[in-house]
Amino acid sequence: MKWLVGIIILILLIVSVRFRKLAGSLVLLGIVVGLLLWQYQEHEKNKSKNRISPSELVLKNITFKPSNSHYEMTGRIINNSQTFTLNGVQLKITAKECANNNNDCIIILEKNEYVYVHIPPKQARDFRKEVSFYSNQIIEGKLVWNYSVGFAESE
């Protein structure tokens, strides 16, 4: 049945000039509506990233423990926003391998990790996140971890 409708539309596109204009107008209208919807979704997505500033979040008791082929990052996130619920946090994580003194360090991992967490305003939640290295690296020195909040998504 669908192929029959397709054949009829194809015949009308070949034979009828008015149908071609109508079909072209409908396709153009569909493209414009699609672009407008996409722009609106991008606007809403960006708005959700700007409601809670990274300075309104507090990360406490952050630890990195080795676990099989990855490290397990644990800690607590406090949402100090007065009005918005936190849905997730983009963290920038850096691991440095340092020799005996902390002055001679080389970065061996730098990646962004997204932590899905639901925290209402003025509340805190504990989280756990696996952080994997790019390969099975052999760590010869001491690991020094750094982290910062890239952005926070909210409702």
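L57 and A152 make their closest contact through CD1-CB, 3.6 Å (heavy atoms, listed as atom of the first residue, atom of the second, distance). Residues N87 and S154 approach most closely at ND2-C, 3.7 Å, considering heavy atoms. Closest non-hydrogen pair, G150 versus P54, comes out as O-CG, 4.0 Å. Annotation for P121 and S81: closest pair CB-O, 3.2 Å, computed over non-hydrogen atoms. In plain terms, the two heavy atoms of G75 and I62 that are nearest each other are CA-CD1, 3.8 Å. Looking at every heavy atom in both residues, L143 comes nearest to A95 through CD2-CB, 4.4 Å.
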Original post:
Does the pair V131 and K111 meet the rule for a side-chain contact (heavy atoms from CB on, under 4.5 Å), with working shown?
Top reply: CA-CA 9 Å; V131 179; K111 67 189 316 190; 4.2 Å; yes
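Note that the OG1 atom of T94 and the CD1 atom of I108 stand 11.0 Å from one another [nearest 0.5 Å]. Rounding to the nearest 0.5 Å places OG1 of T74 at 5.5 Å from NZ of K65. Taken from CG in L59 to CZ in F127, the straight-line distance is 5.5 Å, to the nearest 0.5 Å. The line from CD1 of I119 to CD1 of I52 is 8.5 Å long, rounded to the nearest 0.5 Å. Here the straight-line distance linking atom CD of E130 with atom CD of E113 works out to 9.5 Å at 0.5 Å rounding. Rounded to the nearest 0.5 angstrom, K122 NZ and T83 OG1 are separated by 11.0 Å.
Annotation: side chain to side chain contact (heavy atoms under 4.5 Å, CB included) contacts of V17 (sequence neighbours excluded): R20, K21. Remark: V27 engages I31 in a side chain to side chain contact (heavy atoms under 4.5 Å, CB included) (not counting sequence neighbours).
I78 and V89 fall into different hydrophobic clusters, where Ile, Leu, Val, Met, Phe, Trp and Tyr residues are linked whenever their side-chain heavy atoms come under 4.5 Å apart, directly or through other members. Both Y116 and F151 sit in one connected hydrophobic cluster of ILVMFWY residues. Membership requires side-chain heavy atoms under 4.5 Å apart, directly or through other members. Following chains of ILVMFWY side-chain contacts shorter than 4.5 Å, one can reach I8 starting from I11, so the two form part of one hydrophobic cluster. Under the 4.5 Å side-chain heavy-atom criterion for ILVMFWY residues, no single connected hydrophobic cluster contains both L35 and L26.
In this structure the side chain of M73 never reaches within 4.5 angstrom of the side chain of T63, judged on heavy atoms. Between E97 and I106 the shortest side-chain heavy-atom distance falls below 4.5 Å. Between S148 and L91, every side-chain heavy-atom pair lies at or beyond the 4.5 Å cut-off. Annotation: side chain of V117 is in contact with side chain of L86 (closest heavy-atom distance under 4.5 Å). Using a 4.5 Å cut-off on side-chain heavy atoms (C-beta onward), K96 and K142 make no contact.
Distance alone, capped at 3.5 Å, is enough to place a donor-acceptor pair between the E56 side chain and the S53 backbone. A donor-acceptor contact shorter than 3.5 Å is absent between the side chain of N79 and the backbone of H118.
For the side chain to side chain donor-acceptor pair (under 3.5 Å) test with Y114, the passing option among E153, Q90, K129 is E153; the others fail.
Ring geometry, W145 versus F64: the interplanar angle falls under 30°, so the pair is classed parallel (tilted spans 30 to 60°).
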